[in-house]
Amino acid sequence: RASLDGKYVGLQYYNNTGLDVSGRVPSAVPEYFVLDLSASQRFIFRHTALSVTVNMGNLADRRYYAYAYDYGVYPAAPRSWTVGLRLEVL
């Protein structure tokens with residue numbers, strides 16, 4: 001089983017004035033769109049089942065800001081991988 005998930009986040013303002021602390025620069029984090037991919041497979045061996053799951057976050061390795069505050073921004077994570085294993089006794 002595999003899935004591809006997309007997430008779009010529009011322009012985000014990080015204060016109520018719409019401007020940064022200087023009062024001249026818009027206080028907004030740009031919009032972004034990221035894709036995440038996951039795949040899993042279940043294998044059965046006699047009385048045991050093994051499930052393997054692989055996830056890739058930020059598939060296109062987009063650079064974007066997760067959030068911001070008046071004095072800076074926090075970049076979001078680059079492309080990342082996770083692998084999960086689950087063993088079941090049937």
Side-chain angles (χ1 to χ4, degrees):
R1 183 172 80 161
S3 67
L4 181 66
D5 300 313
K7 177 172 79 170
Y8 170 78
V9 176
L11 188 68
Q12 301 175 75
Y13 289 94
Y14 54 86
N15 66 29
N16 292 330
T17 66
L19 299 173
D20 73 349
V21 292
S22 72
R24 294 185 300 266
V25 180
S27 62
V29 177
E31 62 186 15
Y32 62 88
F33 179 78
V34 291
L35 290 170
D36 297 330
L37 178 67
S38 67
S40 63
Q41 181 65 50
R42 187 172 190 220
F43 304 95
I44 298 177
F45 310 98
R46 296 188 185 188
H47 300 290
T48 306
L50 174 67
S51 297
V52 179
T53 304
V54 177
N55 300 302
M56 185 190 316
N58 194 0
L59 180 66
D61 201 19
R62 297 278 317 243
R63 291 181 185 211
Y64 64 97
Y65 300 116
Y67 58 95
Y69 64 104
D70 280 333
Y71 298 98
V73 293
Y74 289 97
R79 182 183 303 131
S80 60
W81 293 79
T82 59
V83 176
L85 298 174
R86 179 178 178 179
L87 187 62
E88 298 176 66
V89 177
L90 304 175

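Values reported hereafter were calculated over all heavy atoms of this structure, with side chains retained and with hydrogens, waters and symmetry mates removed.
Qualifying side chain to side chain contact (heavy atoms under 4.5 Å, CB included) partners for Thr48, counting only residues two or more places apart in sequence or in other chains: Leu87. Scored by the salt bridge (charged side-chain N to carboxylate O under 4.0 Å, His left out) test, Arg62 finds no partners at all (sequence neighbours excluded). Partners of Tyr74 under the side chain to side chain donor-acceptor pair (under 3.5 Å) rule, at least two apart in sequence or in another chain, do not exist in this structure.
The number of heavy atoms from other shown groups lying within 6.0 Å of CZ (Phe33) is above 12. No more than 12 heavy-atom neighbours from other residues, nucleotides or ligands sit within 6.0 angstrom of CZ on Arg86. Crowding of Tyr65 atom OH: a count of heavy atoms from other residues, nucleotides or ligands under 6.0 Å not exceeding 12.
There is a path of hydrophobic side-chain contacts, each under 4.5 Å, that joins Leu59 to Trp81. Linking Ile, Leu, Val, Met, Phe, Trp and Tyr whenever their side-chain heavy atoms come within less than 4.5 Å puts Tyr8 and Leu4 in one cluster.
Listed here is the closest heavy atom pair of Ala68 and Val29: CB-CG2, 3.4 Å. Heavy-atom minimum distance, Gly6 versus Leu35: CA-CD2, 3.8 Å. For Arg42 against Ala49, the heavy-atom pair with the smallest separation is NH2-CB, 3.5 Å. When all heavy atoms of Gly57 and Asp36 are compared, the pair lying nearest together is CA-OD1, 3.3 Å. Taking all atoms of both residues into account, the shortest heavy-atom contact from Glu88 to Ser51 is OE2-OG, 4.2 Å.
Using a 4.5 Å heavy-atom threshold, the side chains of Asp5 and Lys7 count as separate.
Between atom CG of residue Leu50 and atom CD of residue Gln41 there is a gap of 10.0 Å, rounded to the nearest 0.5 Å.
In this structure, Asn55 contributes its side chain and Thr82 its backbone to no donor-acceptor pair below 3.5 Å.
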